[in-house]
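Written below as structure tokens is the structure these notes are about.
Chain naming here is simple, since letters A, B, ... match the order of the sequence lines and numbering starts at 1 in each.
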Amino acid sequence: MTVSADRRPLSGIRVFEISIAVAAPCCGKAMAHHGAEVFKVEAHSYPDVARAFGSAWARDPELADVFCDTGPYVPEMSAGKRSVGLELKHPEALEAAKRLLATCDVFLTNFAAPGIAELGLDYESVKQVCPDIIYAGMTGFGVDPDKPYYPFRAFGPNQAPLVGWDALTGFPHEEPAGIPSIAPPDYMGGLHTMLAIVTALHERDRTGEGRFLDISQLETTVSFLGPYLVGQGLGVPEPFRNGNRVSWAAPAGIYPCAGDDRWIAVEVPDDEAWQALAGFAEWSDVPAHDAGGKAALSTYPHGTLADRIEHHDAIDTELAAWTSRRSPQQAAAELQALGIAAYEVLNHTGVLADPQVHDRRPYSIAPSPRLGRDLFVRNPVRMSDTPPYVARAGPNMGGDTADVLTEIGYADDDVERMVADGTAFVDARPEVVLERPFDRWYESVGIAEFYDAEGNMTGGDQ
Amino acid sequence: MSAAQRGHGPWSGTRVLDLTGLSGAYGSRVWAALGADVICVEPPGGNPIRAMPPLAPGHEGPEASLWWAYYAASKRSVVLDPTDGEDAAALVKLIASADVVLDDAMPADQQAYPWLADAGEGGLGVAGIVERFPHLTWVSITPFGMTGPRRHWRSSNLVAWASCGLASTVGFPHGPPLAPAGEIGVLMHGASLHAVIGSMMSVRARNQAAAAGEPALGQTIDLSLQEVGLWLSPETGVPLYLDDQVPRPRAGNRRPVTSPMGMYPASDGYVAIIAIQPAHWNAVAQWVHELTGNEGILDEIFIDIVVRREALEAVDAWVEELTTRFTKQELFVEGQRRRIPITPVNTVGDLRHDPHLEAVGWWRPEEHPVLGTYTVPGSPFTTDGDWWAWQRAPMLGEHTDDVLAELT
């Protein structure tokens, strides 16, 4: 596919990304999947953790110099981006970065405000070389040095506790379980940032002017607590973690199924679905736990939501007795037939076997300069005429330095000299092409669309 | 609120019909405050969000829900009964006047909308609507997408977390999986942000094509809640697993990777600490030493995260001797001063009184004709321009007459 034929909505938009971990990278990745040309400007002196993590199987001293290209987070966050190796603490590298910036539409960073200023890439400096830049600065706590938390460090996994999500995760009789293994606040910060960037592009179409976007993750993620925060001033009791229950539907929960660590999530959305559940013929073999000696599931066929919430424990006990005699798939199919929201609690192997995943193929496999080919998640916004995709995994750290510098006017000699003196760098040993240990599974797993280097879907049978 | 007052913000002049519930509400709230004319088309009984607790104390009825008060901010409300021929015809006109429709109808219902049949359109589905109104961007937010064997299956925030693999990794080893952040609806709000971003991109592309003299065409967007979940959970998802074959079981509120890592008790709750880098550990060890006189913790063998993993219980106990002496806010401020990545495990009440949010002037008052005056959160991000135009949520059918009059 040639550039001119690319009608994806962000085609022609150039993004200068200087980023770490997830929050800004996931914004840049969504933009790349929708057609933007994203330059990830990286340095060995302050590498992205996605580079530092590498991959367990690549911990071989002989692979030390290419280890940075092996982490699964590299394609996950940066497939489709071009990696430009510039050690920005050198004045000449900063000059090259500014020449690249002069050609860009968007500056995207989640470096802390003091850190980005130290590199000479604060808004005022960037604006000098690119007056209509859309500058998206993602910080933990904003850019005003006079505010209390300005100097504090925001770490992805520490964000969910800070913004109230962890305290609401867990059962009321236990410590909060929290969500330490994952970082949804980072993704939500990235989505807010993309929304802001697309809005600024839309505005710039009209005004010709750029914009400074101050995305403070504290505010973006606390925003999700809105109804409960409003309630605080009105005398509404503070919400407390309540397992998997919700205050507007009952029963709702995760129930054990037959087998080891198998579970099903169930939520009865409305009275109609409840009546279907209560009238379901299967309850005769469920032990009765209600005070009246009758199964709660069939005692309240016309029960209101308040009734169901009051008897939630008894309903849970009986529903669990029923689910625990079935596989999660069987239980889900029976409950869905009654109009009830229900699904197996999938783990990784469950996702790999999921019929919907097999049919819709929400992963991509595309050529990778270091790994032959590699796997990463597709963008979920499936646009009918311009579906999102990227045609290349990786990138190798610094793999696009020479091409990009040449494109912005550097002579080959200049590039060689910058690499020689450590101002810029290219990828280590590009001839070393590895293979993930499970590469050969990809076709048989049947979860991914395969792309060739031109962005054509190949179906995986090449 | 008049149409003239709406003419503010970067998206002024763009009209969005919101036919969704929770899966569209957060994103379209942001869009409305950025100037788009977001019209909630509600059935006579009101959008189901209007019934969702918490309710304002002392109130009942369609204005009482704080979910509605928050998520419908800056939008307009039009009540139409699609089973009524005249209303159905008005709805078709309204759709024709829109740039974007956000729809959460199940795929089977999207095959043929009965109200379009009543309007004399022969029961058109989404495909027919966009063929008739090609300028439209139509977003279908559905549990499992518009295709596939489970496209007719129902879902919810909880069920979507289960279907993407993430819930299986949240919780304690002895207990069941958990939806992160419970009923806050994080996955739903993530879906709504994707829906709005996709719509914005589609509208912008259409406008640019029109400016270039090309056909101004919208698109349909197929957004699956399950796939939204897969997108935001690589930490627990397939690519990592295929690479290392290491399952990600539920590990509770501490990660058994090293210590301290995870949640630790404070005198009034909990704090979260991550000390992976040597500098972070040294700062923790120094602080424990200053407070408790613990000499052993300063031994440099503990700088190695593997040693701390092997001595996990002992190191955790030492760290708890520190954390239990202070409040979570004291630990936050002093710990951060010492450059330790430490944060309080805040509750909603804590955040309502958070000193930083106070200092940046985040909160603002809002007046509502039924609910009175209350305090609401400010904008989710800021810019160097005047982007935001926040208005209270509309009352049920508040703008029906205005909007229908505009259509004629």
Side-chain angles (χ1 to χ4, degrees), chain A residues 9 56 72 76 147-149 152 155 158 161-162 164-165 167-168 177-182 187 191 198-199 202-203 212 214-215 220 223 226-228 230-233 235-236 238 246-248 254 265 267 336 341 343 345-348 351 355-356 359-360 362 375 380-385 438, chain B residues 10 52-54 57 66-67 70 144 148-150 153-156 159 162-163 165 168 171 176-177 180-183 193 198 200-201 204-205 219-220 222 227-228 230-232 234-235 239-244 253 262 272 336 341 343 345-349 352 356 359 374-375 380-382 384:
Chain A
E76 192 60 47
K147 297 301 184 245
Y149 299 167
F152 289 7
F155 260 46
N158 266 1
L162 180 72
W165 299 4
L168 291 167
I179 44 178
S181 60
I182 54 169
Y187 294 88
L191 288 174
V198 176
T199 297
H202 172 71
E203 183 185 52
F212 176 72
D214 174 11
I215 320 282
T220 60
S223 287
Y228 300 92
V230 173
Q232 289 305 289
V236 174
E238 218 185 319
V246 294
S247 54
W248 54 83
I254 289 180
E267 188 166 325
Q336 286 281 354
Y343 216 79
V345 179
L346 300 177
N347 60 16
H348 325 87
V351 170
Q356 195 67 9
D359 191 85
R360 294 192 34 112
L375 176 81
V381 180
R382 297 189 182 220
M383 303 179 76
S384 55
D385 298 345
F438 303 97
Chain B
M52 285 174 58
L66 300 181
W67 280 77
Y70 184 71
F144 296 96
R150 300 211 166 141
W153 281 30
R154 296 189 174 273
S155 192
S156 69
V159 172
S163 74
S168 77
E183 67 182 31
L193 287 165
M200 286 177 167
M201 291 191 301
R204 178 172 174 267
Q219 308 200 33
T220 58
D222 171 7
E227 289 168 10
V228 167
L230 293 172
W231 186 84
L232 58 82
E235 287 90 342
L240 285 185
Y241 176 74
L242 277 183
D243 186 59
D244 61 17
N253 58 22
Q336 289 278 352
T343 50
V345 179
N346 278 325
T347 65
V348 167
R352 179 62 190 82
H356 185 87
Y374 44 83
T375 301
F381 56 86
T382 58
D384 59 347

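The side chain to side chain contact (heavy atoms under 4.5 Å, CB included) check on P53(B) picks up S247(A), W248(A), with sequence neighbours excluded. Scored by the salt bridge (charged side-chain N to carboxylate O under 4.0 Å, His left out) test, R154(B) finds no partners at all (sequence neighbours excluded).
Within the 4.5 angstrom heavy-atom criterion, only side-chain atoms of Y70(B), from C-beta onward, approach chain A. Contacts of E238(A) with chain B are made by side-chain atoms alone, with heavy-atom separations under 4.5 Å and no backbone atom involved. Heavy atoms closer than 4.5 Å to chain A are found in both the backbone and the side chain of F144(B). Contacts between S163(B) and chain A at a heavy-atom distance below 4.5 Å involve backbone atoms as well as side-chain atoms.
Contact tally against chain B (heavy-atom pairs below 4.5 Å) for D214(A), L168(A), L375(A), V351(A): the top residue is D214(A). The candidate from G171(B), P176(B), S156(B) with the greatest count of non-hydrogen atom pairs under 4.5 Å with chain A is P176(B). Chain A forms more heavy-atom pairs under 4.5 Å with one residue of G262(B), S155(B), P341(B) than with any other, namely P341(B). Across G178(A), G233(A), P355(A), A56(A), the residue that shares the most heavy-atom pairs under 4.5 angstrom with chain B is P355(A). Listed options A167(A), P180(A), A265(A) were ranked by heavy-atom pairs under 4.5 angstrom with chain B; first place goes to P180(A). Counting heavy-atom pairs under 4.5 Å between each of Q219(B), E227(B), E235(B) and chain A puts Q219(B) at the top. If you tally non-hydrogen atom pairs under 4.5 Å between each of G349(B), A205(B), G198(B) and chain A, the highest count goes to G349(B). When each of V345(B), T382(B), D244(B), T347(B) is checked for heavy-atom pairs under 4.5 Å with chain A, T382(B) comes out on top.
The shortest non-hydrogen separation linking V228(B) to P380(A) is N-CB, 4.1 Å. When all heavy atoms of P9(A) and R204(B) are compared, the closest pair comes out as O-NH1, 3.8 Å. In this structure, L66(B) and G231(A) approach most closely via the heavy-atom pair CD1-CA, 3.5 Å. When all heavy atoms of Q232(A) and V348(B) are compared, the pair lying nearest together is CG-CG1, 3.8 Å. Smallest separation of non-hydrogen atoms from P227(A) and P54(B): O-CG, 4.3 Å. P239(B) and P72(A) get closest at one heavy-atom pair: O-CB, 4.3 Å.
Rounding to the nearest 0.5 Å places CD1 of I215(A) at 5.0 Å from CZ of F381(B). Here the OH atom belonging to Y149(A) is positioned 10.5 Å from the OG1 atom belonging to T343(B), to the nearest 0.5 angstrom. Atoms CD and CG, from Q336(B) and N158(A) in turn, are 8.0 Å apart once rounded to the nearest 0.5 Å. To the nearest 0.5 angstrom, M383(A) atom CE is 12.0 Å from D222(B) atom CG. In this structure, NE2 in H348(A) is found 8.0 Å from CG in L240(B), a value given to the nearest 0.5 Å.
A donor-acceptor pair is defined here as one N or O able to donate and one able to accept, closer than 3.5 Å; such a pair exists between the side chain of N346(B) and the backbone of L162(A).
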* Apply the test side chain to side chain contact (heavy atoms under 4.5 Å, CB included) to residues Y343(A) and R150(B): give CA-CA distance (whole Å), side-chain angles for both, the deciding distance (0.1 Å), then the verdict. => CA-CA 10 Å; Y343(A) 216 79; R150(B) 300 211 166 141; 3.0 Å; yes
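Residues L346(A) and S168(B) are not in side-chain contact: their nearest non-hydrogen atoms beyond the backbone lie 4.5 Å or more apart.
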